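Worksheet: the structure to be examined is printed underneath.
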Amino acid sequence: MTLLAAGSLAVAAQAHDGEDHSGGSAATAISPQVEEALKNAPTALPWEVGGPFALLDHTGAERTQADPDGKYQLLFFGYANCPGICSAALPMMAQAAEQLETDGVAAQALVVTIDPKLDSVETMGPSLAKISNRLLGLTGTPEALNVAYEAYNVEFEHLFDDPQYGPIYSHGSFIYVLDPAGNVLTQVPPILPPEQVSQIVQKYVKAGS
């Protein structure tokens, strides 16, 4: 990260539009080493997101934003039997967690429900197990869930009731990457291959080590 800061000073004159506004001074020269570090170093999200929450996992155990086993976390807001984006995001998260562990990084895939009536402690586990045993569902009271929704600016809307799947919601699709303490490191879209998600997470692991 120190290297990134030094590199940032060197490229400060380069605006986000890609144009060099330095007037061509020698101060903008970037060494190949710094250029490689900038390419590989993670950058923080440009907005505040995340925070404390206290929910129950699908085994009935209390769960906060911090992983009790010190694992990196992939966090998603959806519901267990969602036939929409969850059907792409949840398997990918499980595969990415498996890939991370293969790559030597302990990781946990988490799903915070947006429908606690549908996803209770009793029902969420069996529903998620149909997708992967690596998924851990989180639920709770409406008040406890609202704390998590507000921390992550989660918005969703009940659209209609499907005869097969039940309530159908529109909701966000980003997957948040959290460190073991529960701090948000970045977010990734659910369309990335698990191997690429693993590579992204590993950059943050290396930056924090």
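Note that the structure is predicted; figures quoted are calculated from it, not measured. Throughout, numbering of the chain's residues begins at 1 and tracks the sequence. Side chains included, hydrogens not; waters and symmetry mates left out as well; all remaining heavy atoms used.
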Exercise. Pick one: which of Leu75, Val197, Ile175, Ile131 meets side chain to side chain contact (heavy atoms under 4.5 Å, CB included) with Met93?
Worked result: Ile175
For this session: Would you name the heavy atoms of Ser173 and Pro190 that are closest together and state the gap between them?
Result: O-CD, 3.2 Å
Exercise. Above 12 or not: heavy atoms from other molecules or residues under 6.0 Å from CD of Glu155?
Worked result: no
Exercise. Is any side-chain heavy atom of His158 less than 4.5 Å from a side-chain heavy atom of Asp161?
Worked result: yes
For this session: Go through the steps for Leu110 and Phe76 under the test side chain to side chain contact (heavy atoms under 4.5 Å, CB included), then give the verdict.
Result: CA-CA 6 Å; Leu110 301 167; Phe76 183 77; over 6 Å; no
Seminar exercise, completed: Between Pro116 and Gly140 the two heavy atoms that sit nearest each other are CB-O, 3.6 Å
Exercise. Passes side-chain hydrogen bond (donor to acceptor under 3.5 Å, both in side chains), Asp119 versus Thr139? Steps please.
Worked result: CA-CA 7 Å; Asp119 291 331; Thr139 187; over 6 Å; no
Exercise. Looking at CZ of Arg134 and CG of Leu74, how far apart are the two atoms once the value is rounded to the nearest 0.5 Å?
Worked result: 11.0 Å
Exercise. Can you find a heavy atom in the side chain of Leu178 that is under 4.5 Å from one in the side chain of Asn183?
Worked result: no
Exercise. Under a single-linkage definition using a 4.5 Å side-chain heavy-atom cutoff for Ile, Leu, Val, Met, Phe, Trp and Tyr, are Phe174 and Leu185 assigned to the same hydrophobic cluster?
Worked result: no
For this session: Report the distance from atom CG of Asp179 to atom NZ of Lys71, rounding to the nearest 0.5 Å.
Result: 15.0 Å
Problem set entry | Glu98-Thr102 side chain donor-acceptor pair, cut-off 3.5 Å | no
For this session: Rounded to the nearest 0.5 Å, what's the gap from OG on Ser198 to CD on Glu101? Could you check?
Result: 10.5 Å
Exercise. How many angstroms lie between atom CG of Leu128 and atom CG of Leu138, to the nearest 0.5 angstrom?
Worked result: 9.5 Å
For this session: Report the distance from atom CG of Asn153 to atom CD of Glu48, rounding to the nearest 0.5 Å.
Result: 10.5 Å
Would you be so kind as to tabulate the donor-acceptor pairs closer than 3.5 Å made by side chains of residues 162-169, with sequence neighbours excluded?
unit_1: Asp162; atom_1: OD2; unit_2: Gln164; atom_2: N; d: 2.7
unit_1: Asp162; atom_1: OD2; unit_2: Tyr165; atom_2: N; d: 2.8
unit_1: Tyr169; atom_1: OH; unit_2: Asp115; atom_2: OD2; d: 2.7

Exercise. Hey, are Asn146 and Glu150 close enough side-chain-wise for a donor-acceptor pair under 3.5 Å?
Worked result: no
For this session: Mark yes or no for whether Ser120, through its side chain, and Lys117, through its backbone, hold a donor-acceptor pair below 3.5 Å.
Result: no
For this session: Taking all heavy atoms of Cys82 and all of His171, pick out the closest pair and write down the distance.
Result: SG-NE2, 3.8 Å
Exercise. What's the verdict on side chain to side chain contact (heavy atoms under 4.5 Å, CB included) for Phe77 and Val111, showing C-alpha distance, side-chain angles and the deciding distance?
Worked result: CA-CA 6 Å; Phe77 291 84; Val111 186; over 6 Å; no
Exercise. So do the side chains of Leu118 and Asn81 get within less than 4.5 Å of each other, counting heavy atoms only?
Worked result: yes
Indicate every side-chain donor-acceptor pair of residues 52-64 with a distance under 3.5 Å to a residue at least two apart or in another chain.
unit_1: Asp57; atom_1: OD1; unit_2: Thr59; atom_2: N; d: 2.7
unit_1: Asp57; atom_1: OD1; unit_2: Thr59; atom_2: OG1; d: 2.5
unit_1: Asp57; atom_1: OD1; unit_2: Gly60; atom_2: N; d: 3.1
unit_1: Asp57; atom_1: OD1; unit_2: Ala61; atom_2: N; d: 3.1
unit_1: Asp57; atom_1: OD2; unit_2: Thr59; atom_2: OG1; d: 3.4
unit_1: His58; atom_1: ND1; unit_2: Gly137; atom_2: N; d: 3.0
unit_1: Arg63; atom_1: NH2; unit_2: Asp67; atom_2: OD2; d: 2.6
unit_1: Arg63; atom_1: NH2; unit_2: Gln73; atom_2: OE1; d: 3.1
unit_1: Thr64; atom_1: OG1; unit_2: Ala66; atom_2: N; d: 3.2

For this session: Evaluate the side chain to side chain contact (heavy atoms under 4.5 Å, CB included) criterion for residues Gln99 and Asp103: first the C-alpha distance (whole Å), next the side-chain angles of each, then the deciding distance (0.1 Å), finally the verdict.
Result: CA-CA 6 Å; Gln99 182 64 50; Asp103 296 335; 3.2 Å; yes
For this session: Using a 4.5 Å cut-off on heavy atoms from C-beta on, say whether the side chain of Gln202 contacts that of Val105.
Result: yes
For this session: Taking all non-hydrogen atoms of both residues into account, name the closest pair between Leu145 and Val112 and its distance.
Result: CD2-CG1, 3.8 Å
Exercise. For the residue pair Tyr149 and Ile114, what are the closest heavy atoms and their distance?
Worked result: OH-CA, 3.2 Å
For this session: Nearest 0.5 Å please: distance from the SG atom of Cys86 over to the CG atom of Leu135.
Result: 10.5 Å
Exercise. Which atom names give the shortest non-hydrogen contact between Met124 and Thr113, and what distance separates them?
Worked result: CE-CB, 3.8 Å
For this session: Assess the pair Tyr204 and Tyr72: is the distance between their ring centroids shorter than 6.0 Å?
Result: no
